[in-house]
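Okay, so here's the structure we're looking at.
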Amino acid sequence: MDVNNKTIVLEFVFSGLTNNEILKFFLFALFIVIYFATLVINVGLVAIVKNTSSLQNPMYYFLSYLSLVDVFYSSTITPKMLSDLMSQRRTMRKFISFYGCALQFYFFAALASIDVHLLSNMSYDRYAAICHPLHYMSIMTKTKCLHMVLVAFALGFLQSSVQTSCIFSLQYCGSNFIDHFYCDIAPLLKLSCSNTFMCDMVIMSLIGFYGISSLSTILISYVFIIVSILKIKSAKGRQKAFSTCSSHIICASVFYGSVFLTYLHSPSDVNGRKSKVAAVFYSVMTPMLNPLIYSLRNQEVKKVIVQVIHNLSPFHTSFKNV
């Protein structure tokens, strides 16, 4: 294709979630509540873990980093999406600059990958706790946990750098209309007027490798965990062992399920309504659900939260001052 006669794209225009004005108002109200809840709950959980001595163990160490990553992960997409929903008239363009799009994609891809690696780290932690309880603290040392977190961040930003360089080194000329509410792989590749074969192969290889390796870690860990739980003779012991990893199972299932719904479908529906709904779920909803699931299903965290609320309540404060 001769790109010399085409207009070079300097910005992209999003289709957004909907053009229905009533629905836009409802979605804006819903998502702004979800976004602020995400910030408050995740930051609160990080503060609780850091300042509570009973939560100073590897599981909560990884959970605090997962919450921290989820704050930034949600913030790469949600504020722009909320701004676009505020555009009340169809004539108002929901645009993003070329470099703004590259920056949004870079951090979104990096943080999503870090989330995946942290979830796999947490499955290994549960494997060590249940399958090797007597050696748990010697296996999951502070140094090892720190190294696991650093590797997750390094791999996340590395693969994101490769993907971003590949996608935004392509030529974009002609249409700049992205039928989505953020800069994602498939709609960007669809707009390019370059040959995207090599970029497709690189991205598919990276996503396949990181996705399969992290998912395999989780599945293999839980195979060993289930075998160990089945060997426990008492029903109460089996229930207690399973309860320590049930929150992680739910979080991993929600994240991977929504991602698979987004990316594992026919090419003809790559930018369809179902894809947008699934993308909303894993980019907006999941960062709020992760800490909620751990908080509601974990007795230790619930006790600390209740104590914090009790200490901050006006009645408790006035009672102490009497």
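Predicted, not measured: the structure shown is a model, and the values here were computed from it. Scope of the values below: all heavy atoms of this structure, side chains included, with no hydrogens, waters or symmetry mates.
- Listed for the Ser67 side chain is a donor-acceptor partner under 3.5 Å among the backbone atoms of Leu63.
- Taking the side chain as every heavy atom from C-beta outward, Asn176 and Glu11 approach each other to under 4.5 Å.
- The hydrophobic cluster containing Leu219 also contains Phe242, counting ILVMFWY residues as joined when their side-chain heavy atoms lie under 4.5 angstrom apart, directly or transitively.
- A search for side-chain hydrogen bond (donor to acceptor under 3.5 Å, both in side chains) contacts involving Asp200 returns Thr196, not counting sequence neighbours.
- Val33 and Leu17 fall within the same hydrophobic cluster, defined by Ile, Leu, Val, Met, Phe, Trp and Tyr side-chain heavy atoms under 4.5 Å apart, directly or through other members.
- Hydrophobic cluster membership is shared by Met86 and Ile32, with clusters built from Ile, Leu, Val, Met, Phe, Trp and Tyr side chains linked at under 4.5 angstrom.
- Using a 4.0 Å cut-off between charged side-chain N and carboxylate O, Lys24 and Asp84 make no salt bridge.
- Here Phe12 and Tyr172 bring their ring centres to under 6.0 angstrom of each other.
- Within the 3.5 Å criterion, the main-chain N or O of Gly211 finds a donor-acceptor partner in the side chain of Ser214.
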Criterion side-chain contact (heavy atoms from CB on, under 4.5 Å) on Cys199 and Ile167, from CA distance to verdict: CA-CA 7 Å; Cys199 198; Ile167 292 173; 4.1 Å; yes
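- Counting non-hydrogen atoms of neighbouring residues, nucleotides and ligands closer than 6.0 angstrom, the CE atom of Met198 reaches no more than 12 such neighbours.
- Ser113 places no side-chain N or O within 3.5 Å of a backbone atom of Ala110 that could act as its donor or acceptor partner.
- Residues Ser175 and Leu191 are in side-chain contact: their nearest non-hydrogen atoms beyond the backbone lie under 4.5 Å apart.
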Verdict with supporting geometry, Lys276 and Asp179, salt bridge (Lys or Arg N to Asp or Glu O under 4.0 Å): CA-CA 9 Å; Lys276 288 184 182 180; Asp179 188 15; 3.3 Å; yes
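- Arg126 CZ to Ile225 CD1: the interatomic distance, rounded to the nearest 0.5 Å, is 7.5 Å.
- The closest donor-acceptor contact from the side chain of Ser246 to the backbone of Ser243 lies under 3.5 Å.
- Ser283 and Thr78 get closest at one heavy-atom pair: O-OG1, 4.4 Å.
- Closest of all the heavy-atom pairs between Tyr106 and Ser161 is CE1-OG, 3.3 Å.
- Side-chain atoms of Met140 and Met148, non-hydrogen and from C-beta on, do get closer than 4.5 Å to each other.
- In Gln56, the CD atom is crowded: over 12 heavy atoms of neighbouring residues, nucleotides or ligands sit closer than 6.0 Å.
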Residues Tyr65, Ile114; criterion side-chain contact (heavy atoms from CB on, under 4.5 Å); working and verdict: CA-CA 10 Å; Tyr65 274 102; Ile114 294 168; over 6 Å; no
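- Atom CZ of Phe36 is surrounded by 12 or fewer heavy atoms from other residues, nucleotides or ligands within 6.0 Å.
- Side-chain N or O atoms of Gln104 include one that pairs as donor or acceptor with a backbone N or O of Cys183 at under 3.5 Å.
- Cys245 pairs with exactly one of Ile226, Asp125, Ile130 by the side chain to side chain contact (heavy atoms under 4.5 Å, CB included) rule, that one being Ile130.
- No donor-acceptor pair closer than 3.5 Å links the side chain of Gln163 to the backbone N or O of Leu206.
- Relative orientation of the Phe108 and Tyr282 rings is tilted, given thresholds of 30° and 60° on the angle between their planes.
- Rounded to the nearest 0.5 angstrom, Leu111 CG and Ile77 CD1 are separated by 10.0 Å.
- Ile34 has its side chain within reach of Met285: a pair of non-hydrogen atoms, C-beta onward, lies under 4.5 Å apart.
- Val69 and Tyr210 fall into different hydrophobic clusters, where Ile, Leu, Val, Met, Phe, Trp and Tyr are joined by side-chain heavy atoms under 4.5 Å apart, directly or via other members.
- His180 places a side-chain heavy atom less than 4.5 Å from the side chain of Tyr182.
- For the pair Met81/Phe31, a side-chain contact is recorded, criterion being any heavy-atom separation below 4.5 Å from C-beta on.
- Under the 3.5 Å distance criterion, the side-chain polar atoms of Ser138 are matched with a main-chain donor or acceptor of His135.
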Pair Phe14-Phe95, side-chain contact (heavy atoms from CB on, under 4.5 Å): steps then yes or no: CA-CA 6 Å; Phe14 296 131; Phe95 68 88; over 6 Å; no
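- Sorted by first and then second residue, the side-chain hydrogen bond (donor to acceptor under 3.5 Å, both in side chains) pairs with a member in residues 217-238 read Tyr222-His248; sequence neighbours excluded.
- Using a distance-only test at 3.5 Å, with no hydrogens or angles considered, a donor-acceptor pair links the side chain of Ser169 to the main chain of Cys166.
- Under the 4.5 Å side-chain contact rule for hydrophobic residues, Leu103 and Leu10 do not share a cluster.
- Atoms CG and CZ, on Leu23 and Phe28 in that order, are 14.0 Å from each other to the nearest 0.5 Å.
- Residues satisfying the ring pair (Phe, Tyr, Trp, His ring centres under 6.0 Å) test with Phe153, not counting sequence neighbours, are none.
- Contact check for Lys142 versus Tyr61: no side-chain heavy atoms found under the 4.5 Å cut-off.
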Residues Ile185, Ile207; criterion side-chain contact (heavy atoms from CB on, under 4.5 Å); working and verdict: CA-CA 11 Å; Ile185 298 169; Ile207 293 176; 3.6 Å; yes
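- Looking only at distances, a side-chain donor or acceptor of Asn42 sits under 3.5 Å from a matching main-chain atom of Pro287.
- When atom types are taken as modelled, the side chain of Thr286 and the backbone of Phe281 share a donor-acceptor pair closer than 3.5 angstrom.
- Taken from CD1 in Ile293 to SG in Cys251, the straight-line distance is 4.0 Å, to the nearest 0.5 Å.
- Under the 3.5 Å distance criterion, with hydrogens and angles disregarded, a donor-acceptor pair is assigned to the side chains of His132 and Tyr127.
- Residue-environment remark: CZ (Phe72) stays at or below the threshold of 12 foreign heavy atoms within 6.0 Å.
- Shortest non-hydrogen contact noted between Ser64 and Val46 is O-CG2, 3.4 Å.
- Here the CD1-CG distance, from Ile250 to Leu292, works out to 12.0 Å after rounding to the nearest 0.5 Å.
- Considering only heavy atoms from C-beta on, Ile178 stays 4.5 Å or farther from Ser15 through its side chain.
- More than 12 heavy atoms of other shown residues, nucleotides or ligands fall within 6.0 angstrom of atom CG in Leu150.
- Taken to the nearest 0.5 Å, the CG atom of Leu27 stands 12.0 Å off from the CD1 atom of Ile22.
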Worked verdict on Phe168 versus Tyr99 for ring-ring contact (aromatic ring centres under 6.0 Å, His included): CA-CA 9 Å; Phe168 290 92; Tyr99 293 108; 8.7 Å; no
